[in-house]
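First the structure, in the form of structure tokens, and then the observations on it.
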Amino acid sequence: MDDTSSESDNSSTEEDPEIPEKAQAPVLSVQSVPPPAPSSPKPAPVVRAGNGPHYELRHTLHGHTDSISAVKFSPDGVLLASTSNDTIVKIWSPATGELIRNLAGHTKGNSDISWSSDSTYLASASDDHTIRIWDVDSGLSTRVLKGHSDSVFCVNYNTSSTLIVSGCLDGDIKLWSAAKGKCMKTLNAHLDYVTAVHFNRDASLIVSCSLDGLIQHVQFSPNSKYILSTSHDNSIRLWDYQTWKCLKTYTGHTNNKYSICACFSVTGGKWIVSGSEDNKVYLWDLQTRNIVQVLEGHEDVVLSVATHPFQNMIASASCKPDLGIRLWVDRGPPASSAGPAPPAPSAPSAASG
Amino acid sequence: MNTSALDPFSNTSYPTAVLTSLPSGASFVRYDPSGRYIAGGRPDGLAIIWDLDTKAAVRYLEGHVKAVTSIDWSRNSRFVLTTSKDWNIIIWDLTSDTDPPRRFTTIRFDAPVLSASFHPRNMQIVLVLLTIGEVYLVDLRREHRGRVELVESEDEEAYKQRSALTVARFDPSGKHIFVGTSHGSVLVFNTRTKLLVARYKISGAGVMRGLGFAKFGRRLITNSSDRILRQFNLPSQYPSQLEEDDQELEPTYRFSDPINKVAWHNMSYSPGGEWLAGGSADPATHKIYIWDISSDGQFAIALDGGREPLLDVSLMSLRNYKWHPKAPAIASTTISGNILLWHCPTPERWGAFAGGFEELDENVEYEEHEDEFDIEDEKELAARKEREEDVEVDVLGVDDVPDALEEALRREAKDDDVVWAESEPDEDRKGWKMKIVMVDDDMQ
């Protein structure tokens, strides 16, 4: 029961986020000018209501030998995949914390992975300019997608898993046919590193973000009505992409150097989960924007987090020299916390999209 | 789902440009009801299913030894029916992991099969037309198993004199079966009782070639050997038995090419019934004629698909046509086996790349807004932003898209016909997934 809530006070006072209001003029990125972040001088206090999250460390998975760039749960919830700068993709069991398989084949470090919706294939994006599609059961790479002329930074399947979209360091986005492994289309949309690409639910839209807009990561909400972006001004924003409006801003963590991803947690309460450069994992309440829990334990920058599709489970992964993947589980509030226990918030209500 | 992102005025327009062509060898194609797949039949007996996201063949239905004559999709796209001149009807189950997929069943007749279709409520009821001019209703359900021939009258003399049946279709509700004859009449049978309930004589039509429906069966279009497409309004109710003999049916519209007098291979309504597409049987050109029904059946445009003559034209017949991002779409096949996929080109909106950006045709004087350069208190700005962000945001809820066909089927009164059709429901559930089969490099 490490109640670490009050210790976040020292985290975000060190610098006032310098708002790059009109500093850059990105023409092609979706999120052009970030609105002024609510520049609260003092850090947002952790509000712990009775129905907040109560994540505890369950497993620490060691095995990678270089900074871990991505962790992803399989859509059926049975497996966890992670990849790292050490070129290896590792498949773990989130239930037991055991290493199940190593997928080796890339010749340079990997930046991103994505599961097909039937949980049988995994696509990995690598600095060796290729994307590999792995048959996770056999551990063999069934396809190598060649065509990018620089390191591939991000990759994603569409919901029906017929398409793969990938983003490259040279600003190109490529659309691939998953079954044939052929490039169908190249979009020259960005001028700098493409840091994330994501399909909406019916694959009618792709969202992409790039360093030309100082955006680190972007994804659609489970219902594809909104997008969640992380940027180098220490804030995460939720946007309505049809009205151009920034609906929510989540602050309190540190992010001005690395490409850190945020994600939605919808299995219990509705949280936004993100890693941070102060070695912690932050959870915000989606609606109130208050920090509701801070997970401590990592010994270096937490680059990647993932949420389980239907259990209250978070995976977080850290850089060198920590190199651990931590699995956090919410079993509801500790029994001793209060007399009249609030209703258990951990009942999985809806699977994420 | 992206209803709000679509231009509300662009939906009723028709396709104008060829998006791509698939070399396939198929003589005709049919869209599935979800708009994700297209299935084509070839003269050599092979049927192929393409995924429209990737425009790649995803399943090869190998089973027939002679030309495939028709294809039908079940309402949730899980089952595909192919008919062939080799006397067989095969129903394929696309949930199986293998390619070719597992067969649900094979139905065998003693004559070449011209066409077959699934009952709209239950894919275990199949309507079959044979090349010898006979129509059968095949029931695969345990309780009702059997095949019944649909005949005009039980009388033996009349049976010998009967005219050949040339086309057979379920109406969109599945309650009635419409059958065209070689003598220019349309017979209406009740699906449950198999009794003739109406007989329409269409004067001057000749041999009936095709039937189509719109507006949930209230509108009928016929294609016949006199090279005229006729549109009729149909009554909403039919008696349970034939009451008056040989009703005349007056067409509301007649569509034809008055100059070239071309015949029509086939025709199809747009999913909402706003326009009609006809595939011209001109042996030298590839032309699809489009008439705008919503503005008095006016001729709108003739799509020109190049030099390869047209064989067949098919429209995306969507359950959810009102919101589909790719609707409307047309697929046509050429005599040399190419499939042309037609679409509405979307104009690129570069203004969408930047908020508040407007594209101008000429220079305009800029007028600043009242408060444009006001200096506001930063604290107040932040506070206002803080207040604005208190709005509840729903990241999970998906707008329920009305499923037009399902809605119409559900609204229908639960009479005997519906209860009969829905007893022993089929396995055609929503939400099934087709497994991705990796294609080997050497197969391409």
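Every heavy atom of this structure was used, including side-chain atoms; hydrogens, water molecules and symmetry mates were not. Every chain is numbered from 1, with letters handed out A, B, ... down the list of sequences. Quick caveat, the model's predicted, so the values are computed rather than measured.
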For the atom pair [atom1] ([X]) and [atom2] ([Y]), what is the distance rounded to the nearest 0.5 Å?
X      : Y      : atom1 : atom2 : answer
B:E388 : A:K245 : CD    : NZ    : 5.5 Å
B:K433 : A:T159 : NZ    : OG1   : 8.0 Å
A:F264 : B:L396 : CZ    : CG    : 9.0 Å
A:L286 : B:E392 : CG    : CD    : 8.5 Å

**OP:** Would you name the heavy atoms of B:K385 and A:T249 that are closest together and state the gap between them?
**Re:** CE-OG1, 4.4 Å
Original post:
At their closest point, which heavy atom of B:D53 faces which heavy atom of A:M184, and how far apart are they?
Top reply: O-CE, 3.4 Å
Please check this pair: side chain of [X] against backbone of [Y], looking for a donor-acceptor N/O pair closer than 3.5 Å.
X      : Y      : answer
A:K248 : B:V391 : yes
A:Q287 : B:V393 : yes
A:N223 : B:D394 : yes
B:R36  : A:S160 : no

Can you say whether [X] sits under 4.5 Å from chain B via the side chain, the backbone, both, or neither, judging by heavy atoms?
X      : value
A:T142 : side chain
A:L247 : both
A:L238 : side chain
A:Y121 : side chain
A:I133 : side chain
A:D240 : neither

Original post:
Yes or no on side chain to side chain contact (heavy atoms under 4.5 Å, CB included) for B:V395 and A:K225, after CA distance, side-chain angles and deciding distance?
Top reply: CA-CA 7 Å; B:V395 295; A:K225 282 187 187 169; over 6 Å; no
**OP:** Verify side chain to side chain contact (heavy atoms under 4.5 Å, CB included) between B:E389 and A:C246, making sure each step is shown before the conclusion.
**Re:** CA-CA 8 Å; B:E389 290 197 358; A:C246 170; 4.2 Å; yes
**OP:** Given side chain to side chain contact (heavy atoms under 4.5 Å, CB included), test A:R289 with B:D390 step by step and report yes or no.
**Re:** CA-CA 8 Å; A:R289 311 180 308 287; B:D390 280 336; 3.2 Å; yes
**OP:** Find out whether A:D118 and B:K435 are in side-chain contact, i.e. whether some heavy atom of one side chain is under 4.5 Å from a heavy atom of the other.
**Re:** yes
